[in-house]
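For ligands, and for the atoms within them, numbers begin at 1 and follow the listed sequence.
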Amino acid sequence: MIRIKDRVFFLDSMDTTYGFMIDEQGHLEHLYYGAKLDETIDYNTLRFQSDFEYGSATSYSKETRGVMLNEKPLEVSSYGKGDYREPTIHLELPDGSRTVDLTYVRHSIAKSLSFQGLPQADKDETLVITLEDKTTNIELELFYTVLEASNMIVRNMRLYNRNDSPIILDKILSMNLDMPNNSYLLSKLDGAWIRERHIHDTPLLYGTVRFDSKKGVSSSNHNPFFVLKEPHTTDEFGRAYGAALIYSGNYETSVEINPHDMLRINMGINSFDFRYKVEAGRSFITPEVLLTYSNKGLNQLTQQFHQCINDHIVSKEFRYKERPIVINNWEATYFDFNEKKLLAIAKQAKRLGIELLCLDDGWFGNRDDDTSSLGDWTYNPKKIKHGLQSLASKINKIGLDFGLWVEPEMVSENSEMYRAHPSWVIRTPHHEPSQGRHQWMLDLTNPDVVEHLKSTLTTLFQSANITYVKWDMNRNISDVYSPHYKADEQGRFHHDYICGLYHVLDHLKTTFPTILFESCSSGGNRFDLGMLYYMPQTWTSDNTDAYERTTIQEGTSLLYPLSTISNHVSGNRSHQTFRHVPLESRFNVACFGILGYELDVTALTPFERRLITRQIEYYKEHRTLFQFGRFSRLHSLQDQNHTVWMVDNEDDAQVLYFQQLFRPNDRIDVIRVTGLESGKYRITNREQAMNIRHFGSLVNRALPIHLRVNSWLHNAIANRYLFPIETVDCTVDSIQLEEQGFILPHPFTGTDHGEHDMILEDFGSRLYRFEKIND
Ligand code: DGJ
């Protein structure tokens, strides 16, 4: 709800209030962001008053001595009138001056506002505040939307050049938030290829912490997202603010603490390598930021983001729509496949219960490795004899849907496309363009390239019964320049590249509303809310080692809902880490999100086939929960050695207990479970099995018969026999779960074990179901 009284604006969501006012000079002064305030609050008590000009300070004007913009919490900041913190806007006027002073003119409420060409949240009512600098003819609109149920504020802005000549934007971010500092820690998601989105906490000191992307994509180095939390905040308790940018290109975030302990947060398009000429009478619109607050810990913050993304960002067509279980041939075959192999994979996948085959890289041009053919989006008859339509219909006859991999933003040097359009490659007039994975990038600031992609991909997706597309992007941008722009326009390249991409994606989303697009960028190099607006899910990481995935998926879960996190069970050993993780654990981790398989299913042992069949049956039974349930990181057991997650819908929950290394003669673990509806719960564990091969010579203590280790008989039994794990079946009370917790079975303690002991090897795990019993 938006409450406006006199000069004061309060934005109320279900549990939060965001407040600001027009101050005596017309600037927008921030008042408050936190737990919900009632209407009787005296807004004056929220203000930081100062009317004394201290030594070396700059007062706003000679009439307002002591009013110092540098000391005011502001909703937007510009350069030149005494605010020396990081500005939201920095621009050059036609006369070369850079001072801008934006003050209130009017406000209005807009209905169902949408910004053409940018990804954004679905909105109902938006508060629009118009500011102006009358002397320099600059107008600025600030947009505020409240998404009440998810406790979210959406912010962005639009700048108009009302001059007769162009102005140059050097910096225009999406939001500025000033608040008093409270010893906050900055939590962010950092990483690299196959090590994406690890959570790191940094204390904030006086001065500025800045993180960004200059790679042309949001990148896996730092996600365009952060949390500010009080030092003792955990997943279950404490105060935290979160902000996430709905954008896929270069971005920046800065958090600054000034000497008077005022905190300033800025977020938006990266001002590095950005110089945007705005012609007379034209405007520039910035991407949206989602902003949220929780005083009930990080799980609450996470759940607010998840609800908002599921309700307002993901396209209506796929909102809460169950996603298929995919088999992807990449780690099974890499480039070495033909129709026979694909059909064999499809048949076996169908028997296991899988629902869709995604044909990955290598089906087009002459692509037998990664040195050629990107750009030539026609099938390779040596691999797919009768074409995509015929292959798709054979796959459909087997009983699977058909999906296809593409990497449309790229071109190989060795390709028909490059030979026909060498000028479409991003390059400067002076240098040989750098390569990444032997490939170059297409200049999506050029409308001809955009139109080519739209028509080529439309024809391709219409050419067969394709219901799923994996859109890859395997390098970052270099050699930034476009012949399409004049010399003084080159600074718009990065933003226009992303707008070009969004234009193509918008066209495809509208033309093929039922195709499920999965975004991918060497795994998670472009996992952001901008891409999720066009593509409802993202390939989380090329690292499918389940142990590594506990860290990657846990970091990802801070912002992104399970419905967007695509996970595959892959083979033994991990192609990324060479590690062996039990097949049951590979599933137990991958099922928290969108499940798929990526291994050669034609080469499975009977043991593996039976396990996978049972896994898929289990996932299908609980799919809605795993994809759309409420996700929590259970804090009580979080240590270096364990990962404990829960997904629930209040009266039905699945809890993952994942152990890193086995610790001999250790404690009995207890999992405290909070947030369930009160009442009694039946706890059972998913029926899992162990392979007796992993018992080594202990097999003879586990089985009633004697086996010679590694004998033919041992191996034959190991390939078929499902050694059952302990059974848990008990009834507990929700209070007991919250206060003391669920006590796990006694762990295996060396050599011997009791009937009910839990034998958990390194990287072992369990999946427990907590089901409410109705009285
Ligand atoms: C990178 C992706 O992340 C992989 O899953 C796979 O699709 C390869 N590209 C194919 O080149």
Side-chain angles (χ1 to χ4, degrees), residues 191-197 215 217-221 248 325-337 341-342 345 356-377 379-380 383-384 402-415 435-441 460 466 468-476 516-528 531 535 537-546 548-549 552-553 556 564-571 574-577 586 590 593-600:
W193 177 65
I194 63 172
R195 190 165 45 78
E196 296 93 339
R197 290 174 301 286
K215 295 184 161 181
V217 293
S218 49
S219 117
S220 52
N221 292 165
S248 313
I325 302 169
V326 168
I327 178 82
N328 180 299
N329 71 306
W330 179 241
E331 285 198 14
T333 65
Y334 293 102
F335 293 103
D336 184 16
F337 60 82
K341 180 70 186 172
L342 294 174
I345 290 177
L356 185 147
L357 179 132
C358 171
L359 173 54
D360 211 280
D361 195 354
W363 58 267
F364 51 92
N366 291 310
R367 190 158 163 97
D368 289 325
D369 57 34
D370 58 14
T371 59
S372 85
S373 303
L374 291 169
D376 301 343
W377 301 110
Y379 70 92
N380 177 351
K383 294 187 184 179
I384 304 165
F402 180 67
L404 197 64
W405 177 97
V406 286
E407 195 180 359
E409 296 156 78
M410 302 291 159
V411 60
S412 302
E413 186 171 5
N414 180 10
S415 67
Q435 292 201 340
R437 210 193 187 201
H438 312 286
Q439 62 206 48
W440 287 321
M441 291 193 63
L460 176 64
I466 294 167
Y468 166 101
V469 169
K470 179 176 170 189
W471 181 293
D472 209 342
M473 201 272 189
N474 284 303
R475 60 159 294 185
N476 301 310
L516 172 60
F517 284 88
E518 177 164 308
S519 164
C520 170
S521 179
S522 300
N525 196 39
R526 199 164 57 181
F527 202 139
D528 58 60
M531 293 309 286
M535 308 194 183
Q537 56 192 58
T538 303
W539 178 227
T540 310
S541 171
D542 276 353
N543 194 338
T544 48
D545 171 334
E548 298 292 330
R549 276 299 190 107
I552 294 170
Q553 288 173 220
T556 307
T564 65
I565 302 178
S566 171
N567 312 316
H568 292 174
V569 172
S570 58
S574 159
H575 290 201
Q576 292 75 39
T577 62
R586 281 177 260 158
I594 311 299
L595 176 72
Y597 285 77
E598 187 166 337
L599 72 176
D600 188 354

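- For the 3.5 Å distance criterion, the side chains of S570 and E598 fail to qualify, holding no donor opposite an acceptor.
- For a heavy-atom separation below 4.0 Å, the residues in contact with ligand 1 are W330, D360, D361, W405, R437, K470, D472, N474, C520, S522, G523, W539, D542.
- No side-chain donor from either of N366 and S372 sits under 3.5 Å from a side-chain acceptor of the other.
- A salt bridge does not link R195 to D542: none of the charged side-chain nitrogens sits closer than 4.0 Å to a carboxylate oxygen.
- For the 3.5 Å distance criterion, the side chains of N329 and K341 fail to qualify, holding no donor opposite an acceptor.
- Partners of D361 according to the side chain to side chain contact (heavy atoms under 4.5 Å, CB included) rule, which considers only residues two or more places apart in sequence or in another chain, are W330, F335, F364, R367, W405, R437.
- A donor atom on one side chain and an acceptor atom on the other are not found under 3.5 Å apart for Q537 and S566.
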